[in-house]
Peer 1: 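Submitted below is the structure of interest, expressed as structure tokens.
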Amino acid sequence: MTEAPAPVLPAAAFQRRLLEWFDDHGRHDLPWQQARTPYRVWVSEIMLQQTQVTTVIPYFERFMARFPDVAALAEAEQDEVLHLWTGLGYYARGRNLHKAARAIVAEHGGELPVEVEALAALPGIGRSTAGAIVAQSSGERAVILDGNVKRSLSRLHAVAGWPGRLAVERRLWALAEHYTPHERLPDYTQAMMDLGATLCRRGTPECRRCPFADVCVAHARGEERRFPESKPKKALPTRVTRMLLLRDGQGRVLLEQRPASGLWGGLWSLPQFDDEAALQAWLDVHAPASRLEAPRPAFTHVFSHFRLEITPQPARIERLDAVGEARRWYDPESPDAIGLAAPVKALLSELRTFSLSAPPGP
DNA sequence: CAAGCGTGGAT
DNA sequence: TATCCAAGCTT
């Protein structure tokens, strides 16, 4: 049984060092730091979950231009929200953001609540995100513990064990709680994230510039890279699928909406089948007049938890009526504002340059 | 508590 | 090229 780590500094000294560093070296011009409203902070925090700042910025700008406030987001169709989320990944974030906006209109009079409890009750907002929203947009005291803070605090105190384990996470929350001030909450919160993102990085920490180098236990041992401990790894399983590229006489492609949850939930995708037989059986029922072409070469798409081996299966049909509710014809030349799975989007953009009936190269 | 969820950056 | 994993949350 490991002892709970003692703080390396009194809270006041820690805050003083951190904020002094932040004033000179922190980030002060991120898009969501301008016109800092609870709504803008909320959207940014959701987009930033498991996603790097440079990736988020263009998505954030487009999202804000289209949905400047909670009301605009609540009134939108989910399809349009997912359209703006296309390529960002973890689409449950977009679905939950949209759901939460409607809940805020229905239950909070259209104003984002700025208390941790009320925020964490909304879909997609957990303990750390709720803390970040409160601290940054209201200035009230709230504690965060995101990946940056976990990394910095585990190194500073050489906290052993993977932070995914409850006991380890509890220690880190206790340390975060200890250091959090009652003043300058937006700056302190941003400073903790900046420290982890710009100095106390995963692979190449810059301890020479760190305001805590002299008290950092991991640094004293020369073992910065060993903290935080990484998640126990498992082999990636491979799943196999066929994607039907059914085109009609006008060059439009048949899309299918994915189930509301799970992989690419709510997004539009090419119809997928486990094998050729299942695909053929579907065609026999829904598009008996179609002509199957030679499959295009398979490619592998790697996800966090599995590999997906995709074989694109081109087919043609003159016309197909009654596509039903969860299907639509889609013209790659004039795309609709709908959410498209990234590999599907890539395949469809290929259609614009290559002929399906004469695939290029060996 | 483990599994599930995406994409792109860094090494 | 392969691997790890980033401002986590939900089931």
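Bear in mind the structure is a predicted one, so any value in this text is a computation, not a measurement. So that the names make sense, note that chain A is the first sequence line, chain B the second, and so on, each numbered from 1.
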Peer 1: Students often get this wrong, so: under 4.0 angstrom with heavy atoms, is A/Ile125 touching a base, only sugar-phosphate, or nothing?
Peer 2: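 Contact class for A/Ile125: sugar-phosphate only.
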Peer 1: Which nucleotide span of DNA chain B, 5' end to 3' end, has atoms closer than 4.0 Å to non-hydrogen atoms of chain A?
Peer 2: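 It runs B/dC1 to B/dT11.
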Peer 1: Taking any atom under 4.0 angstrom from a heavy atom of chain A, which nucleotides of DNA chain C are the first and last to qualify, 5' to 3'?
Peer 2: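 Going 5' to 3' along DNA chain C, contacts run C/dT3 to C/dT10.
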Peer 1: Where along residues 302-311 of chain A does a heavy atom fall under 4.0 Å from DNA chain C?
Peer 2: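 Hits under 4.0 Å, by residue number: A/Arg307.
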Peer 1: Listed by chain and number, what are the side-chain contact (heavy atoms from CB on, under 4.5 Å) partners of A/Glu111, not counting sequence neighbours?
Peer 2: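 A/Glu111: no side-chain contact (heavy atoms from CB on, under 4.5 Å) contacts found.
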Peer 1: Would you jot down, in residue-number order, the residues of residues 51-70 of chain A having a non-hydrogen atom under 4.0 Å from DNA chain C?
Peer 2: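 Result for residues 51-70 of chain A: A/Gln52, A/Val53, sorted by number.
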Peer 1: Please table the atom pairs, donor to acceptor, closer than 3.5 Å between any side-chain atom in residues 205-213 of chain A and protein atoms at least two apart or in another chain.
Peer 2:
unit_1: A/Glu206; atom_1: OE1; unit_2: A/Arg209; atom_2: NE; d: 3.3
unit_1: A/Glu206; atom_1: OE2; unit_2: A/Arg201; atom_2: NH1; d: 3.3

Peer 1: Test of understanding: with side-chain contact (heavy atoms from CB on, under 4.5 Å), list the residues that count as partners of A/Ser44, not counting sequence neighbours.
Peer 2: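 Partners of A/Ser44 under the side-chain contact (heavy atoms from CB on, under 4.5 Å) test: A/Trp32, A/Leu48, A/Phe60.
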Peer 1: Do any pairs count as a salt bridge (Lys or Arg N to Asp or Glu O under 4.0 Å) and have a residue in residues 254-267 of chain A, sequence neighbours left out, and if so which ones?
Peer 2: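 Sorted result for residues 254-267 of chain A: A/Glu256-A/Arg327.
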Peer 1: If you look only at pairs with a residue in residues 231-241 of chain A, which of them pass as a side-chain hydrogen bond (donor to acceptor under 3.5 Å, both in side chains), with sequence neighbours excluded?
Peer 2: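 Passing the test, one end in residues 231-241 of chain A: A/Thr241-A/Gln272.
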Peer 1: Applying side-chain hydrogen bond (donor to acceptor under 3.5 Å, both in side chains), which residue pairs with at least one partner in residues 297-314 of chain A are found, sequence neighbours left out?
Peer 2: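 side-chain hydrogen bond (donor to acceptor under 3.5 Å, both in side chains) check on residues 297-314 of chain A returns A/Arg242-A/Gln313.
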Peer 1: Please report, to 0.1 Å, the donor-acceptor pairs under 3.5 Å made by any side chain of residues 337-347 of chain A, with sequence neighbours excluded.
Peer 2:
none

Peer 1: Can you list everything that forms a side-chain contact (heavy atoms from CB on, under 4.5 Å) with A/Arg36? Sequence neighbours excluded, please.
Peer 2: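 Counting only residues at least two positions away or on another chain, A/Arg36 forms a side-chain contact (heavy atoms from CB on, under 4.5 Å) with A/Gln33, A/Val41, A/Gln136, A/Pro186.
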